[in-house]
2 protein chains.
Amino acid sequence: MIANAAAIRSNPPRIAEALPPAAVLGGLSLEELRRHVPVLQRKLAPGQYLYRAGQPFQALYLVHAGFLKTCLVAEDGREQVTGFRMRGDLLGVESIGMPVYGCDAVALDTCSVWELPYPPILACTHIPELQARLTEALAAEIRSDRSWMLALSTLSADQRVAAFLLDVAARHEALGFSARHFVLRMSRVDIGSFLALKHETVTRALTRLAAQGCIAVQWREIRILDLSALRDSARCEMRVH
Amino acid sequence: MIANAAAIRSNPPRIAEALPPAAVLGGLSLEELRRHVPVLQRKLAPGQYLYRAGQPFQALYLVHAGFLKTCLVAEDGREQVTGFRMRGDLLGVESIGMPVYGCDAVALDTCSVWELPYPPILACTHIPELQARLTEALAAEIRSDRSWMLALSTLSADQRVAAFLLDVAARHEALGFSARHFVLRMSRVDIGSFLALKHETVTRALTRLAAQGCIAVQWREIRILDLSALRDSARCEMRVH
DNA sequence: CGACAGTTTGAAAAAATTCAACGGAAGTGG
DNA sequence: CCACTTCCGTTGAATTTTTTCAAACTGTCG
């Protein structure tokens, strides 16, 4: 535990904007988009809602900087975090075809997002591919959701948490952040909600992974010490026999 | 149990095609579509695959009659039923943007489906709304998936099974079938896979719901005896205190 | 400082799974 | 037509996993 803490201490993770320019909707750049449609920038403080379930659906949002979570809330009050969104992610797509948003989007830290008016953005006939790209983005969202559903159905608590960390690491890496050392922007409760676990279970899983030496944990700061061991933990933990 | 069996015995559910014509992609009729694109009909025997993960993605399929399941399979062999599809449902949308299908689609009984070549179908400029309708269909799919994810995260085994039965009933009703009396086309294993439960747990949940008088079960034949009680079972079973 | 939100840990309880066995239904082949 | 196999569903008992409940601890922020 002390060793882990020491490993954490050095070299705090960068928080700045990612290096690569945001590729919107699978290749179309934001600049290209702005040439044809008015795109507003919105800043969000930590905890602030980008939109809430029930508000009129009038825009998609592209995350430019910062981290958000999206939460589905049922009428009876049951709720679940449906995802954590970062630079390059498109928010609001699940509400296409509805008069109002179907979920909440909350900033987890200071965020900058681009507002893409919808459906006006579709009238952007100068970019004939846009609609097709949007469709592909939705399909990718479905695949991602299903992949997590499979994880929730077939993996143990420890495996889910390991898979979650690997996902965060991969997405960080794709944006030019460190994949081995990062700060989780969300609480244990949020992670538990997303993974269908209680927050105590998330904590225990992190503790166990740290005890195995896969990772070092200190509050929300995570350091991946042994990537392949973490990968092993995420997959079917088949014991040799 | 004897009483339930008696209740089941009478009036076996209809298996024929549904009454209303299939409304494709939120309003566009199949006839309209066929005017512009070649649409092939395919028949499937029970157990036959419509497509398999890894095969080249070249078409979407619209279910005309019969029932299918779609299964996501991970590289390590873990698999999950991602949904049960019936008349009017569109299959293959999750693979849009990929070179190959990302899941299996298996007929649960004799099926008839319409093959919609993709992407050629998009070239159908005579129907400008088609692409937009497709996008909306994808968004609806996301909402449906998330809604089930919420159910898996927040509901007990009994509640999930009750919710599942209510979903089947509602979809049957939407197609003109009986919502109160139907035959499940899938095994307990399939239901369990979809609901993230083991097949024994599904059986036990059905037994408990039957014991409460909500439903009568005999093999795959289900009769809903007390709809509001079943609804109560599906929602947070809050006891009066 | 003091309140507070978030995290950690332990122990007991609840829920679901695993393992094992049995029984019915359908299908196969003689 | 019957014997036989196989698949599917059901049930019980033991076990495992996760949750629940309770308490303590740690940073942060006003």
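Given the structure is predicted, the values throughout are model-derived calculations rather than measurements. Every chain is numbered from 1, with letters handed out A, B, ... down the list of sequences.
Residues forming a side chain to side chain donor-acceptor pair (under 3.5 Å) with B:Gln41 (at least two apart in sequence, or on another chain): B:Ser112. In this view, B:Ser153 and A:Gln80 satisfy the side chain to side chain donor-acceptor pair (under 3.5 Å) rule, not counting sequence neighbours. For B:Ala53, the side-chain contact (heavy atoms from CB on, under 4.5 Å) test picks out B:Asp104, with sequence neighbours left out. Listed by chain and residue number, A:Leu50, A:Tyr51, A:Thr70, A:Leu91 satisfy the side-chain contact (heavy atoms from CB on, under 4.5 Å) test with A:Ala105 (two or more places apart in sequence, or in another chain). In this structure B:Arg204 satisfies the side-chain contact (heavy atoms from CB on, under 4.5 Å) test together with B:Glu200, B:Arg208, sequence neighbours excluded. Scanning for salt bridge (Lys or Arg N to Asp or Glu O under 4.0 Å) contacts around B:Lys198 gives an empty result, with sequence neighbours left out. The side-chain contact (heavy atoms from CB on, under 4.5 Å) check on A:Val100 picks up nothing, with sequence neighbours excluded.
Every pair passing salt bridge (Lys or Arg N to Asp or Glu O under 4.0 Å) that includes a residue from residues 40-59 of chain B is listed here, sequence neighbours excluded: B:Arg42-B:Glu115.
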Where do N or O atoms of nucleotides 15-20 of chain D meet protein N or O atoms at under 3.5 Å, pair by pair?
residue, atom, partner, partner atom, Å
D:dT18, OP1, A:Ala157, N, 2.7
D:dT19, OP2, A:Lys198, N, 3.4
D:dT19, OP2, A:Thr201, OG1, 2.5
D:dT20, O4, A:Arg204, NH2, 2.8

Below 3.5 Å is the cut-off: list the nitrogen or oxygen pairs between protein and nucleotides 5-9 of chain D, distance only.
residue, atom, partner, partner atom, Å
D:dG9, OP1, B:Arg220, NE, 2.9
D:dG9, OP1, B:Arg220, NH2, 3.4
D:dG9, OP2, B:Arg188, N, 2.8

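The separation between B:Leu195 atom CG and C:dA15 atom P is 18 Å, rounded to whole Å. Between A:Glu221 atom CD and D:dT26 atom P the separation is 17 Å, expressed in whole Å. Summarising the geometry, the separation between CG on B:Leu206 and P on D:dT10 is reported as 7 Å, rounded to the nearest angstrom.
With the end axes of the helix from C:dC1-D:dG30 to C:dG30-D:dC1 each set by five pairs, the angle from one to the other reads 40° at 10° resolution.
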List the atom pairs, with distances to 0.1 Å, where a side-chain N or O of residues 166-173 of chain B and a protein N or O form a donor-acceptor pair under 3.5 Å, not counting sequence neighbours.
residue, atom, partner, partner atom, Å
B:Arg171, NH1, B:Phe84, O, 3.0
B:Arg171, NH2, B:Phe84, O, 2.6
B:Arg171, NH2, B:Asp89, OD2, 2.8

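In this structure, A:Cys214 and A:Leu230 approach most closely via the heavy-atom pair SG-N, 4.0 Å.
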